[in-house]
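Following: one structure in structure tokens, then a few remarks.
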Amino acid sequence: MMTTQNQMMATTSRPRDIIQDFAKSFFHAHKSDLEKFYPGISLETLLREFDYLCSLNGQLGEDYHARMESFFKSLLLGIPLAYLSQKRFFYNVDLFVSPDVLIPRQETELLVEMALEKIALKVKQQESLTIADIGTGSGAILLATLKEASLRYPKLAIASFASDISSRALEITKKNFFHNQYTLSPQIVTSFLLGDRLRPFQDKKIFCDLILSNPPYIMNPDDLSGVHSQVKLFEPELALFLKSDEYWEWYRQLIKDAFALLNPTGTFLMEGHEKHLHTLQQISLEIGFAYASIQNDLTGRERFLILQKSN
Ligand code: GLN
């Protein structure tokens, strides 16, 4: 009996030791290359990410050695860690991510804060809300907002809509909502809409109190020099870039449709490019928004546009 137990312990702990040793020598051999792609990366982080990747599919399988080699090889290509471990924590929620969706960024958490501030004002006037997230990707913005709103206003009825032009991205959105469904109040209903910008809302005549969006905002090619090579190589083009000759028309349409689909006291909160927000502010006022202001992110960069249909 004792022998069997000892044998079992020896066999189950071995792969972990092998991984530890492999990771350690890999880390030391490639430290400077790794630093280029993953500033501040530690051996512990690598081991944690690899461990998480394996635990997604249960215990370490027979193929752990192949997985280990491919994981560490991928690091040398600079594939973002979130795509390797397939997860990212954002604001208050663990998200599944794949190369079909943008990796949620820290600065976007401020958009969630802003959304919650607007919701706090709106619940004083309204018993129910309609909230949309345009170009939802992983669903980060909407899910984080709804999760926090569920805690603050458990009785508030919210009709929420997550839309994306990419059906593959929308599969990830649905997966994240499915996995987090019990963290949302039962008063919240979410629908998933496939389509460009606010097109599906026009077709279905869905009017909103709050529209949220982190649309593609890097002008191609004008802004490309400021974009990290890892972003260019591995993140979805559709979520990031707009051609310079289509840029302003693309946004004019988005802002015009948002204006038309907002209820009279509605708000549009959008993340945007620091170089272009002033022009978008001007366009929004031309379209008819009563109030258009720019909000900085925590690094002091102009990052968000706040639009109110009425004062
Ligand atoms: N913040 C992203 C970046 O610069 C861009 C996000 C976007 O285009 N919506 O990498």
Side-chain angles (χ1 to χ4, degrees), residues 26-27 29-46 48-50 52-53 70-91 94-112 135-141 144 164-166 168-169 172 213-247 250-251 270-280 294-305:
F26 178 91
F27 184 74
H30 301 288
K31 204 160 184 285
S32 60
D33 290 323
L34 292 173
E35 277 284 338
K36 270 188 266 163
F37 294 128
Y38 316 98
I41 191 82
S42 67
L43 176 59
E44 288 69 31
T45 309
L46 287 185
R48 199 175 53 235
E49 296 291 323
F50 180 67
Y52 182 86
L53 179 63
S70 113
F71 175 81
F72 286 97
K73 243 188 230 155
S74 305
L75 292 174
L76 294 180
L77 298 175
I79 298 177
L81 270 185
Y83 288 152
L84 292 178
S85 63
Q86 300 178 292
K87 69 148 201 310
R88 180 70 161 206
F89 185 76
F90 175 81
Y91 193 78
D94 260 321
L95 295 162
F96 175 81
V97 291
S98 82
D100 289 318
V101 299
L102 190 77
I103 299 166
R105 306 288 203 270
Q106 233 164 27
E107 60 266 26
T108 307
E109 292 180 330
L110 216 51
L111 194 70
V112 175
T136 190
S138 64
I141 297 168
D164 208 289
I165 194 172
S166 152
R168 289 160 69 130
I172 309 288
S213 189
N214 177 12
Y217 59 67
I218 300 169
M219 206 186 255
N220 182 5
D222 309 47
D223 301 328
L224 282 186
S225 62
V227 182
H228 197 284
S229 63
Q230 265 174 302
V231 176
K232 282 187 230 168
L233 281 172
F234 301 111
E235 297 205 61
E237 257 184 75
L238 212 51
L240 288 163
F241 306 113
L242 290 172
K243 291 206 180 78
S244 46
D245 55 352
E246 292 165 8
Y247 200 87
W250 193 94
Y251 270 102
M270 196 193 85
E271 186 172 321
H273 197 289
E274 58 190 309
K275 283 198 210 146
H276 309 313
L277 284 177
H278 279 275
T279 312
L280 294 180
I294 292 170
Q295 165 87 43
N296 288 5
D297 65 19
L298 296 177
T299 69
R301 292 182 174 82
E302 294 186 337
R303 181 67 63 199
F304 307 101
L305 196 57

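FYI, side chains are in, hydrogens and waters are out, and symmetry mates aren't considered; it's all heavy atoms of this structure.
Counting heavy atoms from C-beta on, the side chains of L238 and I165 come closer than 4.5 Å. Residues I294 and F304 have side chains not in contact (no heavy-atom distance under 4.5 Å, counting atoms from C-beta outward). The side-chain heavy atoms of F26 and L34, taken from C-beta on, include a pair separated by under 4.5 Å. Residues F37 and L77 are not in side-chain contact: their nearest non-hydrogen atoms beyond the backbone lie 4.5 Å or more apart. A heavy-atom distance below 4.5 Å is not found between the side chains of E107 and R301. The side-chain heavy atoms of P80 and F234, taken from C-beta on, include a pair separated by under 4.5 Å. V231 is not listed as a side-chain neighbour of I103, based on a closest heavy-atom distance of 4.5 Å or more. In this structure, L242 and Y251 have side chains that are in contact, with non-hydrogen atoms separated by less than 4.5 Å.
The main-chain N or O of R303 is never found under 3.5 Å from a side-chain atom of D297 such that the two would form a donor-acceptor pair. A distance-only check finds a donor-acceptor pair linking the side chain of Q230 to the backbone of G78 [under 3.5 Å]. With hydrogens and angles disregarded, no donor-acceptor distance shorter than 3.5 Å links the side chain of T108 to the backbone of P104. Using modelled atom types, no side-chain atom of T45 and backbone atom of I41 make a donor-acceptor pair closer than 3.5 Å.
Ring centroid separation for the pair Y247 and H276 comes in under the 6.0 Å cut-off.
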**OP:** Show the numbers, then the answer: is there a side-chain contact (heavy atoms from CB on, under 4.5 Å) between F71 and L84?
**Re:** CA-CA 7 Å; F71 175 81; L84 292 178; 3.9 Å; yes

**OP:** Assess whether side-chain contact (heavy atoms from CB on, under 4.5 Å) is satisfied between L224 and F241, documenting all intermediate values.
**Re:** CA-CA 9 Å; L224 282 186; F241 306 113; 3.6 Å; yes

**OP:** Determine, step by step, whether N214 and I141 satisfy the side-chain contact (heavy atoms from CB on, under 4.5 Å) criterion, reporting the C-alpha distance in whole Å, the side-chain angles of both residues, the deciding distance to 0.1 Å, and the verdict.
**Re:** CA-CA 8 Å; N214 177 12; I141 297 168; 3.7 Å; yes

**OP:** List the steps and the verdict of side-chain contact (heavy atoms from CB on, under 4.5 Å) for L110 and N296.
**Re:** CA-CA 9 Å; L110 216 51; N296 288 5; over 6 Å; no

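E109 pairs by the salt bridge (Lys or Arg N to Asp or Glu O under 4.0 Å) definition with nothing, not counting sequence neighbours. A search for side-chain hydrogen bond (donor to acceptor under 3.5 Å, both in side chains) contacts involving S225 returns nothing, not counting sequence neighbours.
The aromatic rings of H273 and Y217 lie perpendicular to each other, with more than 60° between the two planes, well past the 30° mark.
With respect to K275 and D223, a salt bridge is recorded, a charged nitrogen being found less than 4.0 Å from a carboxylate O. Residues E49 and K87 are paired through a salt bridge, judged by an N-O separation under 4.0 Å between the basic side chain and the carboxylate.
Between the side chains of D222 and S244, a donor-acceptor pair is found at a separation under 3.5 Å. Between the side chains of S166 and R168, not a single donor N or O lies within less than 3.5 Å of an accepting N or O.
Minimum interatomic distance between S98 and Y83 (heavy atoms only, all atoms of both residues): O-CE2, 3.1 Å. Minimum interatomic distance between G40 and E35 (heavy atoms only, all atoms of both residues): N-OE1, 3.3 Å. In this structure, L95 and A140 approach most closely via the heavy-atom pair CD1-CB, 3.5 Å. Closest of all the heavy-atom pairs between L53 and S85 is CD1-CA, 4.2 Å.
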